[in-house]
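Notes to accompany the following structure.
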Amino acid sequence: MPFKRYVEVGRIALVNYGKDYGKLVVIVDVIDQNRALVDAPDMVRGQMNFKRLTLTDIKIDIKRVPNKKTLIAALEAADVKNKWESSSWGRKLIVQKKRASLNDFDRFKIMLAKIKKAGVVRQELAKLKKETTC
Amino acid sequence: MTYRSSRFLPFPPPFESAEQEDHCQYSEGRRPMAPKDRKPHVSRNPDLIRGVGKYSRSKMYHKRGLWAIKAKNGGAFPKHEKKAVAAAPAEKPPKFYPADDVKKPLVNKRKARPTKLRASITPGTVLIILAGRFKGKRVVFLKQLTSGLLLVTGPFKINGVPLRRVNQAYVIATSTKVDISGVNVEKFDDKYFGKKVEKKKKKGEGEFFEAEKEEKNTLPQDKKDDQKTVDAALIASIEAVPDLKSYLGARFSLKAGMKPHELVF
């Protein structure tokens, strides 16, 4: 199984530990064997250990250490935000965040909706069962 | 009186005549300040660092204009005579000295206040009661009473919780709010909920006693009417929100996988 996601300038990574947990950042330079220079539109460019990053499939076209303006333009051009939010990984994270922020009333409404859905499904199943046996 | 330079005066020079005072365009700013008008004076000696001022003692003497005050007073600092203290009336020696020294209790200036209400609890908040016979019930908060307890109602028709007092500590505040503007809760206070004081009845015959006991168990009609009026307006605003009525009718319970410290209420 060859590697598919490489550490390179322009690779988008997800921060999985620390103060910036959950943010999408761009690898803008490699410092040494363990650390990368990392940047994002809403954060100050800084170093991060690779262990704190999880690489994604997304890559943008930038030169080594661009300035903030160029970086933001490149992110817009590659449409990183939409690509991420439509990917299955990105969608899963959005659902997790939504579930964590649910109100007690929201959880109650979801329970009602689940029961309703299950009822509809069971009715359809009963119909189908009736057709095949009789 | 001449002054070295009017620039360094700590106070404006006095007018030489009444006419001058009237004609001076700045006379408004120069009236003697009444004790109430005085702004608290900021220090003339800024801190270099905490504990060290920028100016030395002699510089500060000059800055405060103490030389000008002395000059105005003829070389010495102006002295005021002390106010004559009225002689205190002669105290008689006490008639009785207690044998042991009794310690006086320390002074206590604390005032009784109702418990501080959590910021998340506002009138109309849905609360989850955690203890008592109504544990798990979701209930509408009306107001905080002077004793600190929270006045709460089911509404009675929805979940069987009447107008009731509940302690803030036994309650989880959710972020769901109900519109409570149509409800008048002015008349409810701690006395309304207190135990009724019965007049002492003489021990009568056996039957007499039992008859009295039966009467006590039922709720007086006016309390039932109060419940109805409070709930009428509430139920109208509750039915305006879909699913809210069944939400208030259901009890809260922790299910598998629910972590209370991670739940958002």
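Just so we're on the same page: letters track the sequence lines, and every chain starts at 1.
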Let me see the working for Val178(B) and Val126(B) under side chain to side chain contact (heavy atoms under 4.5 Å, CB included), right down to the final yes or no.
CA-CA 7 Å; Val178(B) 172; Val126(B) 173; 4.0 Å; yes
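- Only the side chain of Ile128(B) comes within contact range of chain A, with at least one heavy atom under 4.5 Å from a heavy atom of that chain.
- Using the six-membered ring where Trp is involved, Tyr192(B) and Phe188(B) have ring planes that are perpendicular, over 60° apart on the 30 and 60° scheme.
- For the pair Ser147(B) and Asp189(B), the minimum side-chain heavy-atom distance is 4.5 Å or more.
- Counted within 6.0 Å of OH on Tyr61(B), heavy atoms from surrounding residues, nucleotides or ligands total more than 12; the atom is thus considered enclosed.
- Heavy-atom distances place the backbone of Leu102(A), and not its side chain, under 4.5 Å from chain B.
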Counting backbone as well as side chains, what donor-acceptor pairs lie under 3.5 Å between chain B and chain A?
from	atom 1	to	atom 2	distance (Å)
Arg138(B)	NE	Asp104(A)	OD2	3.1
Arg138(B)	NH2	Asp104(A)	OD2	3.4
Ser175(B)	OG	Asn103(A)	OD1	3.1
Ser175(B)	OG	Asn103(A)	ND2	3.3
Tyr247(B)	OH	Asp104(A)	OD2	2.7
Val264(B)	O	Arg107(A)	NH2	2.4

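- Taking the side chain as every heavy atom from C-beta outward, Ile121(B) and Leu127(B) approach each other to under 4.5 Å.
- Inspection of non-hydrogen atoms places no residue of residues 220-239 of chain B under 4.5 Å from chain A.
- Counting heavy atoms from C-beta on, the side chains of Val25(A) and Leu53(A) come closer than 4.5 Å.
- Every pair tested for ring-ring contact (aromatic ring centres under 6.0 Å, His included) that includes a residue from residues 41-77 of chain A fails, sequence neighbours excluded, so the list is empty.
- Here the two rings, on Phe265(B) and Phe105(A), have centers that are 6.0 Å apart or farther.
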Steps toward side chain to side chain contact (heavy atoms under 4.5 Å, CB included) verdict (Val140(B), Val152(B))
CA-CA 6 Å; Val140(B) 178; Val152(B) 126; over 6 Å; no
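- Residue pairs meeting the salt bridge (charged side-chain N to carboxylate O under 4.0 Å, His left out) criterion with at least one partner in residues 111-133 of chain B, sequence neighbours excluded, are absent.
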